[in-house]
Amino acid sequence: MPPEAVRTFFSRLRAERPEPRSELRYRTPFELLVAVILSAQATDASVNKATETLFRVADTPEKMLALGEEGLRRHIRHIGLHNSKARNILATCRILLERHGGEVPRSREALEALPGVGRKTANVVLNVAFGEPTIAVDTHIFRVANRTGLAPGRTPREVERRLLEVVPETFRRHAHHWLILHGRYVCTARRPRCGACPVADLCAWEGKAAPG
DNA sequence: AACTCGGGGCA
DNA sequence: TGCCCAGAGTT
C-alpha cells in the first residue's frame, strides 16, 4: 500500500475510534502485565471481570504470591487456559521479586523471559506501560494487515516488521490499538462489515464486494 | 509446523 | 451445537 494511502488509512481508523485504550484502566505495569497474560485466547470482558476483583486483593507480586495458586484460580476460573495462566503468573511474580526488585522489567529480553510472556505480550507492555512505539501483532492485526494489503506477511513477526516500516511515526504509538479495534468490530474474521468500513476503498481484499 | 490448553461468546 | 477468541510453551 502506497505511503499516502497508509496515512489516510490510519487517519480514518483514528477518527472511527478515538476513545482511549482499554489497557489504560490498569494502574501499574504489574497490573497491565498480569491482565495481558490473562487475555491470551480470551475475551477482554472476561479478563475485565476477573481483574476487577483480583487487583482489589492482589495488586503486587508479593500479594499475588500470598494469594497462592488456589486463591488466584478462584478469580480467573471463568477464563480459558486458567490453569497454566495461574501457574505462569505466580512463577512470573517470583522472578520479578528475585531478579527485578519486584518491578516489571523494561527490556524486551527480560520480559520475554517471564513465564506466560511471549512477543505479543511483551510488545503490549513495552508500548502501553513504557511508551515504546511497538506494535503487538495478535490474530486481529495479523488478519487486517494481510487482508487489506497494509502489511502482508506469512508470520506474525514478518507482519510486525513490515508494520514498523510502513506506519508513520505520528500513528505508531496507537497503531496496534486502532488495528485491533478495527479487526474486532469491522474487519472481522467471518463476515467483515465492508459496507461500514472507513477504509474499504483502500483495501486490497478481493472478497470485499461479496454480499452479506 | 503441529499440538495442547479451555471457558465464554456468538451465529 | 460448532467454531473462534487481545497466545505461549512444548515437541
Side-chain angles (χ1 to χ4, degrees), chain A residues 13 16-17 19-26 29 31-55 69-70 72-96 104-105 108-129 132 134-147 150-151 153-160 163 167 173-193 196 210-212:
Chain A
L13 290 193
E16 183 185 24
R17 305 218 170 255
E19 69 266 24
R21 295 179 274 195
S22 60
E23 294 93 336
L24 297 182
R25 71 169 51 251
Y26 303 111
E31 289 191 357
L32 174 69
L33 176 64
V34 172
V36 178
I37 291 175
L38 288 175
S39 74
Q41 296 297 106
T43 61
D44 54 350
S46 68
V47 173
N48 291 341
K49 183 179 174 185
T51 54
E52 188 176 338
T53 63
L54 175 62
F55 292 152
E69 191 162 332
E70 267 316 301
L72 174 53
R73 249 204 299 269
R74 193 167 302 121
H75 289 273
I76 68 176
R77 204 183 301 277
H78 58 98
I79 298 178
L81 312 178
H82 52 265
N83 287 318
S84 59
K85 285 172 182 175
R87 221 171 29 244
N88 286 337
I89 288 170
L90 292 181
T92 282
C93 287
R94 290 187 203 99
I95 295 177
L96 293 184
V104 176
R108 171 185 302 285
E109 185 181 14
L111 283 169
E112 292 190 9
L114 299 171
V117 179
R119 179 144 191 117
K120 184 262 179 180
T121 300
N123 274 334
V124 172
V125 172
L126 287 170
N127 185 312
V128 179
E132 296 197 17
T134 62
I135 296 178
V137 177
D138 56 22
T139 56
H140 283 325
I141 292 188
F142 186 77
R143 180 181 64 253
V144 172
N146 273 299
R147 182 185 280 167
L150 173 68
R154 202 173 53 76
T155 66
R157 281 294 294 272
E158 189 177 350
V159 168
E160 178 185 334
L163 280 171
V167 178
R173 284 282 310 279
H174 303 279
H176 90 256
H177 174 64
W178 294 324
L179 288 170
I180 285 170
L181 291 181
H182 184 65
R184 178 173 176 184
Y185 295 112
V186 180
C187 197
T188 53
R190 287 300 185 73
R191 290 176 57 204
R193 301 166 56 203

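On a predicted model such as this, the values are computed, not experimentally measured, just so you know. Throughout, protein chains are lettered first and strands after them, A, B, ... in sequence-line order, and every chain is numbered starting at 1.
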### Message
Under a plain distance cut-off of 3.5 Å, with no hydrogens placed, do A:His78 and A:Ser46 share a side-chain donor-acceptor pair?
### Response
no
#### Entry: Ion pair A:Arg184/A:Asp44, N-O distance below 4.0 Å
yes
### Task
Would you mind checking if A:Arg108 and A:Glu132 are paired as a salt bridge, meaning a charged N to carboxylate O distance below 4.0 Å?
no
Interatomic distance at [atom1], [N] relative to [M], whole Å:
| N | M | atom1 | value |
| --- | --- | --- | --- |
| C:dG2 | B:dG6 | C1' | 15 Å |
| B:dC10 | C:dG7 | P | 16 Å |
| B:dC5 | C:dC4 | C1' | 15 Å |
| B:dC3 | C:dA6 | P | 22 Å |
| C:dA8 | B:dG9 | C1' | 22 Å |

Flag the pair [X] / [Y] as yes when at least one side-chain heavy-atom distance between them is below 4.5 Å, and no otherwise.
| X | Y | result |
| --- | --- | --- |
| A:Lys85 | A:Ile79 | yes |
| A:Leu96 | A:Leu114 | yes |
| A:Glu16 | A:Leu13 | yes |
| A:Ile141 | A:Asp138 | yes |
| A:Lys120 | A:Ser39 | yes |

Starting at atom [atom1] of [X], determine the distance to atom [atom2] of [N], rounded to an integer number of angstrom.
| X | N | atom1 | atom2 | value |
| --- | --- | --- | --- | --- |
| A:His182 | C:dA6 | NE2 | C1' | 16 Å |
| A:Leu38 | C:dA8 | CG | C1' | 13 Å |
| A:Ile76 | C:dG7 | CD1 | C1' | 15 Å |
| A:Ile37 | C:dC5 | CD1 | P | 22 Å |
| A:Arg184 | C:dC4 | CZ | C1' | 13 Å |
| A:Leu33 | C:dG7 | CG | C1' | 14 Å |
| A:Arg87 | C:dA8 | CZ | P | 16 Å |

### Query
Roughly how far, to the nearest 0.5 Å, is the CZ atom of A:Arg173 from the OG1 atom of A:Thr134?
9.0 Å
For nucleotides 9-11 of chain C, list the nitrogen or oxygen atoms of the protein found under 3.5 Å from its nitrogen or oxygen atoms, one pair per line.
residue	atom	partner	partner atom	Å
C:dG9	OP1	A:Gly116	N	2.9

### Task
Between protein and nucleotides 6-11 of chain B, map the contacts as a letter string: B base, S sugar-phosphate only, - none, heavy atoms under 4.0 Å, written 5' to 3'.
BBS---
### Query
OP1 or OP2 of C:dA6 sitting under 4.0 Å from any side-chain N/O of A:Thr139?
yes
